[in-house]
Amino acid sequence: MVALVWLPVVVPVLIAGAAVMARGRRWTRLADLVVAVLVLTCGVGLVASVQRSGTVSAVGGLLRADAFAAFMLAVIGAVAVTALWGGLPTPTSTVKPDGRYAALVALFLGAMSLAVLADNLGVVWVAVEATTIATAFLVGHHGGRAALEAAWKYVVLGSVGVAIALLGIVLLYAAARSAGSPTLSWAELVALGPSLDPGLARIAVALAALGFATKAGLAPLHSWLPDAHSQAPAPVSALMSGVLLSVAFSAILRVQAVSEATLGPTFMRGLLVVGGLLSLAIAAGLMLAQRDYKRLLAYSSIEHMGILALGAAVGGPLATAAVLLHVLGHGLSKAVMFVVAGRILDDAGSTKIEDVHALLARRPDVARPFLAGSAALLGLPPFVLFFTEVAIVFAGWSRGLGWAMGIALLLLLVVFVGFGRHVLAMTMGPPADGPSSAGGPAGRRLPLVLALSVTAVFGFAAWPLAPVVEAAAAALGGLS
């Protein structure tokens, strides 16, 4: 089973090299999907292996798959398969992939896999920075002034974030060194927690959390996200929103585990509550006046990262399990929505909400998954996000954060109104420009149907995932 740890890190690099050398050959169009299937297979295999025989390590312990890392790797694979299968190019697609594009996506998947599998905080930092480099070129793939500006904004703000995180990592290493055991291993830092210098650890944790929060799209360092997601090709936007943000947030969860072992739960709880509520408030306000449907989906990502931050702040078995299920549900739903957004762009030739009308009458093959995905993101039953949000609110209320949960519910109501109004404006009404289209082949709809079905089924039948989620929460200390 050790091979399942290093394969999702090494194979994407090899395929990326082959894709660059092959340039525009037809097989490169499927190279990324092959990598996504590999990552999903390794993730599911590691989940089963960890459940059966415990943590799996490789490369001298540098790579370590505990229950949480295995779960996150499976999420990366599932979202990537949805995004890249659903986003396969057609003759009318605006995205024209080539060898360079395939190589960058493969490296992107490999870097995210490394970020969740690494047991060394320094290696995690390198992997997160590698995702910035790969996705910066992907954001600007379309070319043009807007795409170039979005790519540069992403690079600058992302680099600021990872620089802040690096300073926090250095200080955390210094705290471990002063405790007599210099290390950046997650497991060892948690074990050393009581012996770390509290003052130094407090500064280190705050800086590391703030730096990774930039990559996770949490306010106040979130402004790169709407531009980057609106300009990137649809499959790339799906990957960035569906899993890159969650991968960065997984680093925050690891930092939180170190913080709680050293400082107790109060310090990180305060940071996460502020970041979560601020993210919800910004997303809610900007959704109301949004005019671009891809930016609308980007602000939805900020909203859901705010929900995750609140869930992590609450802590405990229920909220931690809800956070993990929310990561899966949001990733699959957002992958579907960005893939559909790409198809709307191919059909309408515009990302402006006002230019898209009567999708349900004209393009039911596009409108139906768009409406279903919107229902999932808005937290309507039977989708899993309804149950995870209810669980987070209930857990927060029972653990003394009722005031924060009340504010969050009011902001979610604003999100519901703003997001729902735009979706209905795009999908409802009589067609004004000709007969409806029958849509593409069933194979293009299959990944969207599968992803939405998973998010719906796990809403009321998540028992097969219960042992997996419980083990992942325990790996984070979420059952304490």
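Positions are given from 1, in the same order as the sequence printed here. As the structure is a prediction and not an experimental result, all values here were calculated from the model.
Screening Val81, Leu448, Val454 for a side-chain contact (heavy atoms from CB on, under 4.5 Å) with Leu332, the sole residue that qualifies is Val454.
Lys294 is not listed as a side-chain neighbour of Leu297, based on a closest heavy-atom distance of 4.5 Å or more. Side-chain atoms of Thr131 and Val247, non-hydrogen and from C-beta on, never get closer than 4.5 Å to each other. Considering only heavy atoms from C-beta on, Arg64 stays 4.5 Å or farther from Trp186 through its side chain. With a 4.5 Å cut-off on side-chain heavy atoms, Ile307 and Leu412 count as touching. Using a 4.5 Å heavy-atom cutoff, the side chains of Phe416 and Leu380 are in contact. Within the 4.5 Å cutoff, the side chain of Pro8 has heavy atoms near those of the Leu117 side chain. The shortest side-chain heavy-atom distance between Val9 and Val59 does not fall under the 4.5 Å cut-off. Using a 4.5 Å heavy-atom cutoff, the side chains of Val156 and Trp224 are not in contact.
Ser241 contributes atom OG, which lies 4.5 Å from atom NE2 of His330 (distance to the nearest 0.5 angstrom). From Trp125, atom CH2 reaches atom CZ of Phe212 across 9.5 Å, with rounding to the nearest 0.5 Å. Taken to the nearest 0.5 Å, the CZ atom of Arg177 stands 15.0 Å off from the CG atom of Asp197. A distance of 12.0 Å separates OG in Ser300 from NE2 in His422, rounded to the nearest 0.5 Å. Separating the NE2 atom in His229 from the OH atom in Tyr299 is a distance of 11.5 Å, to the nearest 0.5 Å. Taken to the nearest 0.5 Å, the CZ atom of Arg202 stands 8.5 Å off from the OG atom of Ser259.
A donor-acceptor pair under 3.5 Å is absent between the side-chain atoms of Arg295 and the main chain of Ser230, judged by distance alone. At distances below 3.5 Å, not a single donor-acceptor pair connects side-chain atoms of Arg291 with backbone N or O atoms of Lys352. Checked by atom type and distance alone, the side chain of Gln256 pairs as donor or acceptor with a backbone atom of Ala312 at under 3.5 Å. Listed for the Ser49 side chain is no donor-acceptor partner under 3.5 Å among the backbone atoms of Leu46. Using a distance-only test at 3.5 Å, with no hydrogens or angles considered, a donor-acceptor pair links the side chain of Ser333 to the main chain of Gly329.
Between Leu73 and Ser113, the shortest heavy-atom distance links the atoms CD1-OG, 3.6 Å. Residue Ala298 comes nearest to Phe338 through the heavy atom pair N-CZ, 4.1 Å, listed as atom of the first residue, atom of the second, then distance. Scanning all heavy atoms of the two residues, the minimum distance from Ala219 to Leu278 falls at CB-CG, 3.7 Å. Nearest heavy atoms, Leu184 versus Gly122: CD1-N, 3.9 Å. In plain terms, the two heavy atoms of Val339 and Thr82 that are nearest each other are CG2-O, 4.2 Å. In this structure, Arg254 and Leu476 approach most closely via the heavy-atom pair CD-CD2, 4.3 Å.
Within a 6.0 Å radius of CZ in Arg421, other residues, nucleotides and ligands contribute more than 12 heavy atoms.
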>> Could you walk me through whether Leu84 and Leu239 satisfy the side-chain contact (heavy atoms from CB on, under 4.5 Å) test, starting with their C-alpha distance in whole Å, then the side-chain angles of each, then the deciding distance to 0.1 Å, before giving a yes or no?
In response: CA-CA 9 Å; Leu84 298 173; Leu239 289 172; 4.3 Å; yes
>> Go through it in stages, so that I can follow the logic: the residues are Leu409 and Leu413, the test is side-chain contact (heavy atoms from CB on, under 4.5 Å), and I'd like the CA-CA distance, side-chain angles, deciding distance and then a yes or no.
In response: CA-CA 6 Å; Leu409 287 174; Leu413 179 60; over 6 Å; no
> Would His222 and Met305 count as a side-chain contact (heavy atoms from CB on, under 4.5 Å) if you check the C-alpha gap in whole Å, the side-chain angles of each, and the deciding distance to 0.1 Å?
Replying inline: CA-CA 11 Å; His222 66 283; Met305 297 312 296; over 6 Å; no
> Can Met240 and Phe108 be said to form a side-chain contact (heavy atoms from CB on, under 4.5 Å), step by step?
Replying inline: CA-CA 10 Å; Met240 293 177 71; Phe108 181 25; 4.2 Å; yes
